[in-house]
Amino acid sequence: MLDINMIRENPGYVKEGLSRKGFNVDFTEFLEKDKSRRELIRTTENLKAEKNKISSEIPALKKQGTDLTSVFARIKEDSELIKLNDQRIADLDKEMSGFLESLPNLPDDDVLSGGKENNFVIRTFGNVPEFSYEPKHHVDIAESLGIIDYTRGVKLGGNGFWIYKGLGARLEWAILNYFIEEHLNDGYEMLLVPHILNYACGYTAGQFPKFKEDVFQLKSDDESGFTHFILPTAETALVNLHRDEIVDEEKLPFKYFAYTPCYRKEAGSYRAEERGMIRGHQFNKVELVQYTLPEDSQAALEELVSKAEKLVRGLGLHHRVSKLAAADCSASMRKTYDIEVWIPSMNDYKEVSSASNAGDYQARRGNMKFRRKSTGKTELMHTLNASGLATSRILPAILEQNQQADGSIIIPEVLRKWMGGIQKIG
RNA sequence: GGAGAGAUGGCUGAGUGGUCGAAGGCGUUCGAUUCGAAAUCGAAAGUACCUUGACCGGUACCGCAGGUUCAAAUCCUGUUCUCUCCGCCA
């Protein structure tokens with residue numbers, strides 16, 4: 001959510017920022033509503049003040065035996081007007097917050113305008129691997145090694161599900177262990193969170209109401225719609241930890257990470273080129289989240305990116321880091337870096353981590369504040385998140401980038417201690 | 001799933017219709033005392049919104065949403081959550 005004061009004071013600036021994100025908006029109507037709302041509040045509060053004043057004198061007058069019939073009548077009249085006005089104010093509030101909720105975050109000043117075409121690569125690690133033979137697709141590799149069962153995955157869950165088995169399951173688990181160990185070493189606190197979350201979590205994260213169709217909703221028995229959903233990413237849980245809290249300044253930053261599967265509908269997004277585990281309804285991810293002071297969030301974002309990069313580098317996979325253009329950042333985010341790993345069969349890079357700074361956007365939605373020691377005042381925290389990492393593209397990348405002419409796969413050094421020391425599969 | 005109890009400020013905990021934004025205690029901050037500290041004494045301190053240049057002032061908030069009443073933390077209805085017991089199940 002954007003700061004309403006910022007819109008009041010500088011609607012042109014906000015409009016321009018949103019347009020950089022491809023979001024065209026006209027504040028005229030909103031500002032008119034805001035103005036009439038405030039006028040209404042003023043007159044209504046004056047009425048209330050008067051009414052309260054008279055009310056407070058009633059007990060004394062009653063004691064004196066004064067006839068209060070006319071006073072009662074007068075107050076009753078005021079009360080009816082007050083009720084009417086309050087209703088109008090509430091209506092305006094609802095309209096205005098509905099509008100505010102729908103606005104995405106403003107992009108950072110140093111983020112380029114426009115969409116994907118304006119993303120630019122800031123770092124690359126390694127080179128596109130060359131093969132002296134025709135490299136195989138990860139689905140074919142996984143099937144011939146018997147480490148992933150796509151057919152039975154579909155039997156159990158339908159299209160978009162697979163089963164890790166044997167050394168495939170161990171490899172997947174080794175990757176996760178590697179991530180977890182790195183984050184623990186860096187002083188992040190590990191959390192295992194609920195996978196079923198309530199509506200407010202999705203709202204705070206900025207995913208609801210706009211993207212509520214993208215998650216698996218748990219329908220409630222009555223007609224009230226859904227109250228819970230299965231998390232699409234651990235970010236949704238982690239970013240709600242301090243919802244409706246005011247913490248002391250010195251407690252910040254909070255640095256958390258969690259492993260969860262991520263459950264996504266991905267309705268209609270399947271493409272032939274994404275066969276395999278590039279885009280599934282369920283994939284494993286370790287997610288990092290930081291809550292920081294406003295002045296520290298930029299540095300925290302750099303820290304998160306470098307952590308995610310370090311993980312991919314540690315696996316020895318060719319990858320690149322891009323800074324996303326404004327419209328390619330998700331709605332809640334001011335600035336996002338993507339880390340993309342090379343997938344030979346797709347002849348392209350695919351995202352394994354997205355590291356973003358939400359600024360105070362999520363904090364405002366979730367009412368997450370800290371008390372500044374020097375002023376004694378409360379301010380909104382900043383929230384950041386980064387995948388560290390999603391495995392669903394890492395494992396294909398390992399299979400494809402590390403494949404050998406004989407069909408075997410070299411296991412990255414850092415994973416071997418979790419795989420009984422074996423060096424290759426096949 | 002059944003029965004019961006509860007939800008009040010940073011925490012604890014009083015408060016069953018009017019002077020209650022809310023006692024007391026703990027904790028916090030400031031001051032006094034002290035060489036310093038502890039103890040003691042005095043004082044301050046909630047959140048949001050409206051208004052103001054700022055102070056002042058005003059309004060709302062006792063889980064949430066309604067209702068009754070001139071007036072609600074207090075009465076009524078609904079709802080959410082928590083706890084206890086029973087049942088069922090991993």
Side-chain angles (χ1 to χ4, degrees), chain A residues 1-9 30-97 99-101 192 194-204 208 218-229 237 240-252 254 360 363-381:
Chain A
M1 193 117 74
L2 296 178
D3 183 3
I4 189 169
N5 286 315
M6 184 168 60
I7 298 175
R8 277 177 193 147
E9 284 157 23
F30 178 79
L31 289 171
E32 274 167 16
K33 278 181 183 162
D34 181 49
K35 200 175 157 213
S36 56
R37 173 181 165 274
R38 287 202 278 177
E39 272 166 19
L40 208 51
I41 286 177
R42 213 176 313 137
T43 56
T44 308
E45 287 191 349
N46 285 340
L47 271 175
K48 284 180 183 170
E50 200 184 309
K51 179 185 137 185
N52 288 345
K53 188 160 170 278
I54 297 171
S55 275
S56 70
E57 289 161 355
I58 285 178
L61 292 172
K62 227 173 178 174
K63 237 178 208 160
Q64 293 166 22
T66 318
D67 177 30
L68 293 168
T69 323
S70 63
V71 178
F72 285 163
R74 158 94 192 281
I75 294 185
K76 189 152 191 154
E77 223 169 87
D78 283 354
S79 293
E80 271 155 25
L81 184 55
I82 287 169
K83 202 171 166 183
L84 220 64
N85 284 354
D86 275 344
Q87 187 55 53
R88 281 178 61 199
I89 293 168
D91 289 345
L92 282 170
D93 269 343
K94 205 173 164 192
E95 289 168 29
M96 287 169 63
S97 49
F99 174 77
L100 271 183
E101 276 163 15
L192 292 173
H195 295 190
I196 293 175
L197 303 174
N198 56 29
Y199 187 93
C201 291
Y203 176 81
T204 296
F208 298 169
L218 301 174
K219 295 287 180 199
S220 45
D221 298 334
D222 54 38
E223 296 303 306
S224 65
F226 77 106
T227 59
H228 291 78
F229 61 100
N240 273 275
L241 247 39
H242 297 287
R243 184 181 349 126
D244 291 318
E245 288 183 18
I246 301 173
V247 305
D248 289 332
E249 175 181 352
E250 52 270 30
K251 292 258 177 66
L252 296 175
F254 295 121
D360 61 13
R364 185 171 288 108
R365 291 173 88 92
N367 192 26
M368 304 184 276
K369 299 182 173 175
F370 69 95
R371 191 176 301 281
R372 174 88 66 185
K373 197 156 191 181
S374 58
T375 62
K377 298 254 190 289
T378 61
E379 294 176 40
L380 293 164
M381 305 175 189

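Sequence lines set the chain letters: A, B, ... in the order given, protein chains first and strands last, and positions in each chain run from 1. Computed from a prediction, not measured in an experiment: that's the story for all the values here.
- Within the nucleic acid shown, A/Lys377 has no heavy atom closer than 4.0 Å to any nucleic acid atom.
- B/G67 and B/U74 have their C1' atoms separated by 15 Å, given to the nearest Å.
- You'll find that the side chain of A/Arg371 is closest to B/G46, out of B/A48, B/G58, B/G46.
- Side-chain N/O atoms of A/Lys369 include one lying less than 4.0 angstrom from OP1 or OP2 on B/A48.
- Contact annotation: the side chain of A/Ile7 approaches that of A/Phe30 to within less than 4.5 Å [non-hydrogen atoms, C-beta and beyond].
- Looking at which nucleotide of RNA chain B each of A/Thr378 and A/Ala49 is closest to, the 5′-most match is held by A/Thr378.
- With contacts defined as side-chain heavy-atom distances shorter than 4.5 Å, the pair A/Met368/A/Glu245 does not qualify.
- Counting only heavy atoms from C-beta outward, the side chains of A/Asn240 and A/Leu197 never approach each other to under 4.5 Å.
- In this structure, A/Asp248 atom CG and B/A45 atom P are separated by 19 Å, rounded to whole Å.
- Within 4.0 Å of A/Arg8, counting heavy atoms only, lie sugar-phosphate atoms of the nucleic acid but no base atom.
- B/A38 and B/U28 are spaced 10 Å apart, taking the P atom of each and rounding to whole Å.
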Check nucleotides 16-23 of chain B for protein N or O atoms closer than 3.5 Å to its own N or O atoms and list the pairs.
residue	atom	partner	partner atom	Å
B/G18	O6	A/Lys62	NZ	2.7

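- Taking atom C1' on both nucleotides, B/A14 is separated from B/A22 by 10 Å, rounded to a whole Å.
- One P atom belongs to B/U8, the other to B/U82, and the distance between them is 14 Å to the nearest Å.
- A/Asp34 and A/Arg8 get closest at one heavy-atom pair: OD2-NE, 2.6 Å.
- What separates CD1 of A/Ile4 from P of B/C49 is a distance of 10 Å, to the nearest Å.
- Taking all atoms of both residues into account, the shortest heavy-atom contact from A/Ala200 to A/Arg243 is CB-NH1, 3.5 Å.
- When rounded to the nearest whole Å, the span between NZ of A/Lys94 and P of B/A65 equals 13 Å.
- Contact between A/Cys201 and A/Phe229 at its shortest, heavy atoms only, is CB-CZ, 4.4 Å.
- Counting only heavy atoms from C-beta outward, the side chains of A/Lys251 and A/His242 never approach each other to under 4.5 Å.
- Comparing B/G46 with B/U34, their P atoms sit 32 Å apart, to the nearest whole Å.
- Between A/Arg372 atom CZ and B/U29 atom P the separation is 19 Å, expressed in whole Å.
- In this entry the distance linking CG of A/Asn52 with P of B/C50 reads 19 Å, nearest Å.
- Put simply, CE on A/Met96 is 12 Å from C1' on B/C49, counting in whole angstrom units.
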Using distance only, find each side-chain donor-acceptor pair of residues 82-93 of chain A under 3.5 Å and give its atom names and separation, not counting sequence neighbours.
residue	atom	partner	partner atom	Å
A/Asn85	ND2	A/Thr44	OG1	3.1
A/Asp86	OD1	A/Lys48	NZ	3.4
A/Asp86	OD2	A/Lys48	NZ	3.3
A/Gln87	NE2	A/Asp91	OD1	3.1
A/Asp93	OD1	A/Arg37	NE	2.5

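- The side-chain heavy atoms of A/Leu40 and A/Ser36, taken from C-beta on, include no pair separated by under 4.5 Å.
- Here B/G10 presents its P atom at 7 Å from CD1 of A/Ile246, a figure rounded to the nearest Å.
- Contacts with RNA chain B (heavy atom under 4.0 Å) in residues 76-87 of chain A: A/Lys76, A/Ser79, A/Lys83, listed by number.
- At a threshold of 4.5 Å between non-hydrogen side-chain atoms, the residues A/Tyr199 and A/Thr227 do not count as touching.
- The shortest heavy-atom contact between A/Met381 and A/Lys369 is CE-O, 3.2 Å.
- For the C1' atom pair drawn from B/G42 and B/U47, the interatomic distance equals 27 Å after rounding to whole Å.
- Heavy-atom distances under 4.0 Å link RNA chain B to A/Arg38, A/Ile41, A/Arg42, A/Glu45, A/Lys48 of residues 34-48 of chain A, given in residue order.
- Across the protein-nucleic acid pair, A/Asp93 atom CG and B/C61 atom P stand 15 Å apart, rounded to whole Å.
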### Message
As a check on the pairing definition, encode RNA chain B in dot-bracket form, counting Watson-Crick and G-U wobble pairs whose two distances are under 3.5 Å, and using | for partners outside this strand.
### Response
((((((((.[[[..)..(.....]]].(((((.......))))).(((((......))))).[[[[[..)....]]]]])))))))....

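- Across B/G18 and B/U69, the matching C1' atoms stand 12 Å from one another, rounded to whole Å.
- Judged by distance alone, the side chain of A/Asp248 and the main-chain N or O of A/Glu250 form no donor-acceptor pair under 3.5 Å.
- Residue-to-nucleotide proximity on RNA chain B shows that, of A/His228 and A/Ala73, the 5′-proximal contact is made by A/Ala73.
- The heavy-atom pair separating A/Ala237 from A/Pro194 by the smallest distance is CB-O, 4.5 Å.
- More than 12 non-hydrogen atoms from other residues, nucleotides or ligands lie less than 6.0 angstrom from CD of A/Glu57.
- With sequence neighbours excluded, no residue satisfies side chain to side chain donor-acceptor pair (under 3.5 Å) with A/Arg42.
- Going from the P atom of B/C76 to that of B/C83 covers 26 Å, rounded to whole Å.
- Contact between A/Phe370 and A/Ile246 at its shortest, heavy atoms only, is C-CG2, 4.3 Å.
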